[in-house]
2 protein chains.
Amino acid sequence: MTPATGPPRWRTARQHRGLHAPPFEAIQYSRISITISRATCALIGGLVARRTTVTINDVANEAGVALGTVSNALNHPEKVRPETLKRINEASAKLGYAPNQSARMLAGGQNRSFGLVLPSLEHGISLQIANGANAEAQKHGYGLLIANADNDDILSARYLTYFMGTQMAGILVQPMSVYGWKPSLATPSVPTVYLDFHSSEPGYFVGADNRAQGRLVAQHAIDAGARRIAVFGKDEFEKLGMRIAGVRDIMRTTTGVAFEFIDEGAWNLARDGYSVGYRLAKRPASERPDFIIALSDVLATGAVAGIQAAGLNVPGDIKVAGSDGNPLAWSGNVSLTTIAPPGYEIGRKGVQYLIAQIEENRRAGNAMPTENHQALVRPFLLARASSGEGNATEFADPDLDISGYL
Amino acid sequence: MTPATGPPRWRTARQHRGLHAPPFEAIQYSRISITISRATCALIGGLVARRTTVTINDVANEAGVALGTVSNALNHPEKVRPETLKRINEASAKLGYAPNQSARMLAGGQNRSFGLVLPSLEHGISLQIANGANAEAQKHGYGLLIANADNDDILSARYLTYFMGTQMAGILVQPMSVYGWKPSLATPSVPTVYLDFHSSEPGYFVGADNRAQGRLVAQHAIDAGARRIAVFGKDEFEKLGMRIAGVRDIMRTTTGVAFEFIDEGAWNLARDGYSVGYRLAKRPASERPDFIIALSDVLATGAVAGIQAAGLNVPGDIKVAGSDGNPLAWSGNVSLTTIAPPGYEIGRKGVQYLIAQIEENRRAGNAMPTENHQALVRPFLLARASSGEGNATEFADPDLDISGYL
DNA sequence: TTGAAAGCGCTAACAG
DNA sequence: CTGTTAGCGCTTTCAA
């Protein structure tokens, strides 16, 4: 990331002798390297095995073929006879050859990898994005390198620049905030897609459809027979605000159902959900909601505990639903109705957008995007015990295989 | 990852005209580029902004300085006058310059990034490693690029080769299995550390001290007053086996406490823990254990639910402890005594090993490791409600801030 | 297939 | 500071 300092890691013969060695010595060196590769040289050079750089030349010598043939074996194997290919493969395995990616890129190769810059690896959504992007990239034969910008705008920009500098085939970013999206990045030298982000500027953006999430949960509440619905969570957070808007969409087209909006409880502390749940449950039965929509799963989990602490039953007395499919919030003893986590789909869609741009560029030349492309990932409801679906076992999801998380 | 095919992404004037254009044209092009940079050229070239490559030369022209000065600004800013630096920074910001990392590396620069290859981003331990490594790398001014090999040995090897090919300053790998560790990688051309892995071969390895984890939990059980301790989990998994060995270490030095080992329950399914917990709780009081050590947290969570289902109280009738600090297993209604997750420390220690190797190489030349370095990360006990510590509230950890996971 | 050669963008060296 | 230059390891091209 940071500018290079100090001596280069790998010193070649030329470098050992200083840059401006007379041509004669250079020739002499290259003659030696024809018969004894530098790698071999190093192996017989002393007791301590020195780390050396194995080049395409070393492999060619070892396999007894021309440099260009090794290059072809690497890049156009169909142009090389199978037996030659075999010899080359053996030689590179023997020497432990790792093609210098820098040189390949510089010489005009294609980088078949995408870069993904995330603000954190501790947010559920970021992890989902990473996994979705990984799956989709792999499916199309691309690699994916992930950078964790650690909630730091400057670091994020540095990784972005770094990825551009490595000629990534494409870049995905989850901006920290609106401010994390620099318009300057709207003209990148590489196809770029912004994830978990909404914009009407030219470019490619993929976001969760928080409003649809709200609509889905509200419709589910009504379908579950709710007559008094309490919706809670702080309106000031954009995502939560959109979810509220979705709930209101449903409210407007529904009669005979009372809605109550409680603008409190932050969004991220289970205990806030707990106190709201407890308070609502302690109301007289006539004023008590029969369905609570928590605008985040963390709040919902707390609410379930609060309701139980107040002596009521979930879903018997009050049904509860979360809204954002946060698997880490499954800590109550009733499985939680919520929205399937959208991050995975966002990651997948992001890679699809990248590939679309790459193909478009191949067809029509490398052009900057002039239009806005905003994808919204369609949410799905996960109906579970807390809203009366399935069995309200006291041990949530006993069959859930979370081996992956061990 | 895959060999380059197809045309290069960025076509320069030379490439547009074919490789072997007469020198005259090449000179002509380079004359143009002195007055009008390629980037600028592109901006005025038409209605559609073409993606172009901004080079160090473009920046030098824009800033009105020499090429070498821009390079110095990048690599040895102390050698450049502040005002010149400012002009250069403005110019590169204006043009959106991203130094070609391939060229920098090829020309002998240092890569200040580490590569980390993980088998998954869904395992708690891998995430902890990623976060620990990231924190430590950042602290020392290094970047970290993470690759998810998706439980695929071949993919893992490809990422490893890729990282070596990009001249990473160092590489961290969490091998999938013993088989994921190729001895060939014991002679890498780049400092390498194996994480969550044990070996006595030459090289650098960092692992969790599963045996110490077992000792800690067993000692805690005894300190908590246990007289009959049941230990369960399948012995066939190496990690679990080491934890059992740790428990036996304590058993050997303890008198008056009965130990019972139940070799069943896999390791990753809460329902297995559930059935073992249920069965033990249904025993007559005289044969019932008063402390259950589950060899994984997933099992422990299930066991708590099973004990409760059998009508007993945790920790009142039976105390329970897990052994591997898996935050995703906190799904019971009693907070779980366990071991602090070791992954974070493993990641940190891995980066420290990398930096140690780099400094050693700087001092003594690049040598292969000839000795075995096996670090074991010291475990910590998290004593909580399930073993009688703290308050056995019915809502576990109400203060737990899991905002990060939203 | 071979051998030779140009050039990717940069760093580091050198003589002004 | 400038301007120039060699060379990093590779890909691609071309003529043999």
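We use all heavy atoms of the structure for the numbers below, so side chains are in, but hydrogens, waters and symmetry mates are not. Letters go in sequence order (proteins before strands), and every chain restarts at 1.
- Within the structure, every side-chain polar atom (N or O) of A:H76 is placed at least 4.0 Å from both OP1 and OP2 of D:dT11.
- Between A:N61 atom CG and C:dG3 atom P there is a gap of 10 Å when expressed in whole angstrom units.
- B:S71 has a side-chain polar atom (N or O) that falls below the 4.0 Å cut-off from OP1 or OP2 of C:dT11.
- Checking B:A103 against B:V80, the closest nucleotide of DNA chain D that is more toward the 5' end is the one next to B:V80.
- Between B:E83 and B:R87, none of the side-chain N atoms (NZ, or NE/NH1/NH2) sits under 4.0 Å from a carboxylate O, so this pair counts as no salt bridge.
- Whole-Å rounding puts the B:R87 CZ to D:dT2 P distance at 8 Å.
- Panel note: side chain B:N111, backbone B:T166; a donor-acceptor pair is recorded below 3.5 Å.
- Using a 4.0 Å heavy-atom cutoff across all strands shown, B:T84 reaches sugar-phosphate atoms only and no base atom.
- Position along DNA chain D of the nearest nucleotide to B:P82 versus A:N100 favours B:P82 as the more 5'-ward residue.
- Checking the phosphate oxygens (OP1, OP2) of D:dT11, a side-chain nitrogen or oxygen of A:N75 falls inside 4.0 Å.
- The distance between atom CD of B:E83 and atom P of D:dC1, rounded to the nearest whole Å, is 7 Å.
- Below 30°, between 30° and 60°, or above 60°: for B:Y142 and B:F114 the angle between ring planes is below 30°, a parallel geometry.
- A donor-acceptor pair under 3.5 Å is absent between the side-chain atoms of B:Y162 and the main chain of A:G143, judged by distance alone.
- Taking 4.0 angstrom as the limit, B:T55 places none of its side-chain polar atoms (N or O) nearer than this to OP1 or OP2 of C:dG9.
- Rounded to whole Å, the distance from CZ on A:R104 to C1' on C:dG9 is 18 Å.
- Between the C1' atom of D:dT11 and the CD atom of A:Q101 lies a distance of 13 Å, rounded to the nearest Å.
- Regarding B:E78, its CD atom lies at a distance of 11 Å from the P atom of C:dA12, rounded to whole Å.
- With sequence neighbours excluded, no residue forms a salt bridge (charged side-chain N to carboxylate O under 4.0 Å, His left out) with A:E359.
- Taking atom CG of residue B:N57 and atom P of nucleotide C:dG7, one finds them 15 Å apart after rounding to whole Å.
- Taking 4.0 angstrom as the limit, B:Y97 places none of its side-chain polar atoms (N or O) nearer than this to OP1 or OP2 of C:dG9.
- Nearest-nucleotide assignment on DNA chain C puts the 5′-proximal partner with B:L106, out of B:K79 and B:L106.
- Protein atom CG of B:L67 is 13 Å distant from nucleotide atom P of C:dC8, rounded to whole Å.
- Closest contact between the side chain of A:I56 and the listed nucleotides D:dT2, D:dT11, C:dT2 involves D:dT11.
- Remark: B:R81 is in phosphate contact with D:dC1, judged by side-chain N or O atoms under 4.0 Å from OP1 or OP2.
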